[in-house]
Undergrad: 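My structure is below; once you've seen it, I'll send some questions.
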Amino acid sequence: MIVQGKRLTWEVVSGSLVGTLCAVYLTPLIGKWAQFDMADISTNNAMAFAIGIIGLSLAEGLVKLAQRWAANPKLPTTPTLDALAEVTKDEPEDK
């Protein structure tokens, strides 16, 4: 926050919390999955830091998406079966 000059907002708080939770809970899981030597404390700390930074970025991105959707709540439309039938009816058949 100090380096980027950000003020304390919900985006910063939620990003920090999610980054911390990702570092704490995902590090052992990813370490076992990737078969890292988790006995080495420097490997464990470096991986936890990287996972926390990724979690922080993901949380900030999700907050921005939520803010954008809150400003313009619009769900994507899916074509109905009737509309699909009309499109396929207009296409020429290959014989």
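Every heavy atom of this structure was used, including side-chain atoms; hydrogens, water molecules and symmetry mates were not.
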Undergrad: Is there a side-chain contact between V18 and L58 (heavy atoms, below 4.5 Å)?
TA: no
Undergrad: Going by the rule side-chain contact (heavy atoms from CB on, under 4.5 Å), which residues pair with I30 if we only count those two or more places apart in sequence or in a different chain?
TA: L26, M47, I51
Undergrad: Closest approach of A48 and A23, non-hydrogen atoms and distance?
TA: O-CB, 3.3 Å
Undergrad: Taking atom CG of L56 and atom SG of C22, what is their separation to the nearest 0.5 Å?
TA: 9.5 Å
Undergrad: Restricting to side-chain contact (heavy atoms from CB on, under 4.5 Å), what partner residues turn up for L21, sequence neighbours left out?
TA: L17, Y25
